[in-house]
2 protein chains.
Amino acid sequence: MDVTIYEVAKRAGVSIATVSRTLRGTGPVAARTREKVLKAVEELNYTPSRLGVSLAEGRHAANGIVFPDLAGPYYTEVLLGYEEVASELGRSVVILSTKGRSKVGDLVKDLAGRVDGMLIFGHAVPEPLAAELVRLGVRLVFISRDPLPGADTLRSENIASARALAAHLTGHGYERFAFLGAPLTSRDDVDERWQGVKHVLGGAIEAVDTGQYTVDRGFEAARTLLKGRNRPRAIICSDDEVALGALLAAEELGLEVPGDVAVTGWDDIMAARHARPALTTVRQPMRELGARAARALDELITGTRDVPKHLILTTELVIRSSCGHHPQEVRT
Amino acid sequence: MDVTIYEVAKRAGVSIATVSRTLRGTGPVAARTREKVLKAVEELNYTPSRLGVSLAEGRHAANGIVFPDLAGPYYTEVLLGYEEVASELGRSVVILSTKGRSKVGDLVKDLAGRVDGMLIFGHAVPEPLAAELVRLGVRLVFISRDPLPGADTLRSENIASARALAAHLTGHGYERFAFLGAPLTSRDDVDERWQGVKHVLGGAIEAVDTGQYTVDRGFEAARTLLKGRNRPRAIICSDDEVALGALLAAEELGLEVPGDVAVTGWDDIMAARHARPALTTVRQPMRELGARAARALDELITGTRDVPKHLILTTELVIRSSCGHHPQEVRT
DNA sequence: TCCTTTCATGTAAGCGCTTTCATGATCGCG
DNA sequence: CGCGATCATGAAAGCGCTTACATGAAAGGA
């Protein structure tokens, strides 16, 4: 990768401006000259340096994405949608995970210096840093976060689907509930889910902290809960991973799901579909989230739009067997 | 992000060389001068342009990764391990998916121009392009691919674990087998798995094509197979996703796993653990693969090593309930 | 034939940063 | 006191590329 435009120009017997014009199609080039240039390019196997192009153009042709941790299918699916659209738009995707990293501020700013804009997940970046990035004029789209002045936000709908989920469970006749995976911050996705189910179930539901939204933490908290004196008839979990943990706990304690205790999740990840019983959950349009984020960012980067936008994508209740028996069981 | 080193230099009343020296610690700077520079940096909120630094240094401080498609937990886990080590080494990670993309060659070369080296999965990149990248001097590590002159390769062990898996199944007394998910290319991971089990089972096993290694394809092929006249007693699957499809097929046909038909997978993804029955599989050290790839690439990039290396990481047979009953069942 | 327009091409100035080398000042040693 | 070494700093040259603007040639129209 050591050939420069100067060598191509010399071999073709033209100026570097003509080489650039030929390759980029930005100006007139005589047919014969064009042939000479393309021949030299081929012989020398020349590919323009991304660095040189980006510096000269003043743009990186790249998008950043910052997430707390890629572990968990939710983030992966969003990344997939994001990368696909970014690539269609001619941009690379540079990733950064912040979990367990020191000097997050430096890492994020370094990333900002490499890309034309960034997608940031919820609270992967602390509030003061988020505000600073906005102030610095970085083009930003936040996912699953309250609207922030100067940046786009994008999230999935939580409250209505949480209400629908809770209503569905009451339709099974259950009267005592627990919400596993209490919200860690206010106004984030999980808090909205909690608010939604609490709206329907009121005093019939209590929130139980898991600390993190992982299978292991879900398992531990559910085991403690199910061994207690006040065992809920149904456990509504913050997300599918916590729900998978709850399924494991029920299994270990010899409890039937949904016969003894119903369990629901959120996200509709692969493992939720393949668990037995298959999890009733709420499907998030994760790829769509990523794709929409990439398009929103494109508008900001190209200057097509400079007024921040706040989008909410719909979610969908997915009824499977973990919440209870249904008169007409369908294949999951 | 518009502040340049010239503005900092002007405000501090020094040259840009002194600003650079101060920030990078590459040469002597008087204490008083240093204070003036740092003050200016703080007041102007200056962060060096990644582009400028990279062009001047002649290095990108970034690693690339090319995969066929991120869908499926296998790739995600590798990416996690890779990104973590790359970040420790002060490098960003730029991702590229090649599935369904036209002009893969251009995309990959563009990526090569943005990074100091790349990790490429198996056959995400066609053979001629792989050879061309090597010829161009790109620092490369391939995962799950036969040794290629001039590049590192890294893979998980397949044959020995496949043999162990097949031997375990014969220990259950089964005599008729199918291998679901026939190899698409020779000498790749799946081919090695097939060779391993065939070595043990010989004429007692036949390979069945799925076309792709997905749940849906596994489901279709397994349904056809299990409805046929020559139903195997055990299905060894190329990977966990195909195996999950086979579980679904058995379920739909009212067959008990492992009572009527045993099923095994490969990878040990989350969904394999949470399926019921939980899948017997072979655990790939996916994160370790990614981490090792990042370290190998670092050696090539820094020039610590310039002789290609070929590594094989061990895999581990994980016995769960899908292969048959065991005298001492353990929690999965 | 002359003038205007269009095509084609090259020169030069950046884009933002790093670093080599030259220079001046100061300090220490003989 | 003079010389050599060390410290501190700035000027200049790139790193690889894009593109505005100037210039010459050719073509077309009056």
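Naming convention: chains lettered A, B, ... in sequence-line order (proteins, then strands); numbering from 1 in each chain. Reckoned from all heavy atoms, side chains included, excluding hydrogens, waters and symmetry mates.
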Distance below 4.0 Å between S20(B) side-chain N/O and dC17(C) OP1 or OP2: no
Gap between atoms CG and C1', on L51(A) and dT18(D) respectively (whole Å): 14 Å
F121(A) and Y75(A) aromatic ring geometry - parallel, tilted or perpendicular at 30°/60° bounds: perpendicular
side-chain N/O R50(B) vs dC17(C) OP1/OP2, d < 4.0 Å: no
Protein proximity profile, nucleotides 7-15 of chain C - base contact B, sugar-phosphate-only contact S, no contact -, cut-off 4.0 Å on heavy atoms: -BBBB--BB
Atom-to-atom span, CD1 of I5(B) to C1' of dT19(C) - whole angstrom: 11 Å
Protein-nucleotide distance (K10(B), atom NZ; dT9(D), atom P), rounded to Å: 21 Å
Pair D116(B) + R139(B), salt bridge at N-O below 4.0 Å: no
Separation of atom CZ in R114(B) from atom C1' in dC17(D), rounded to whole Å: 14 Å
Check: A61(B) main-chain N/O paired with R50(B) side-chain donor or acceptor under 3.5 Å: no
Any donor-acceptor pair under 3.5 Å from T98(B) side chain to A124(B) backbone: yes
Side-chain (N63(A)) to main-chain (G117(A)) donor-acceptor, under 3.5 angstrom: no
T153(A) side chain to H310(A) side chain, donor-acceptor N/O pair below 3.5 angstrom: yes
Axis-to-axis angle between the two ends of the helix from dT1(C)-dA30(D) to dG30(C)-dC1(D) (five base pairs per end, rounded to 10 degrees): 50°
Any R59(A) side-chain nitrogen or oxygen under 4.0 Å from OP1 or OP2 of dT18(D): no
Donor-acceptor contact below 3.5 Å, side chain Q284(B) vs main chain Y74(B): no
Considering only distance and modelled atom types, tabulate donor-acceptor pairs under 3.5 Å from the side chains of residues 36-43 of chain B, sequence neighbours left out.
residue : atom : partner : partner atom : Å
K39(B)  : NZ   : E43(B)  : OE2          : 2.8
E43(B)  : OE1  : R11(B)  : NH1          : 2.6

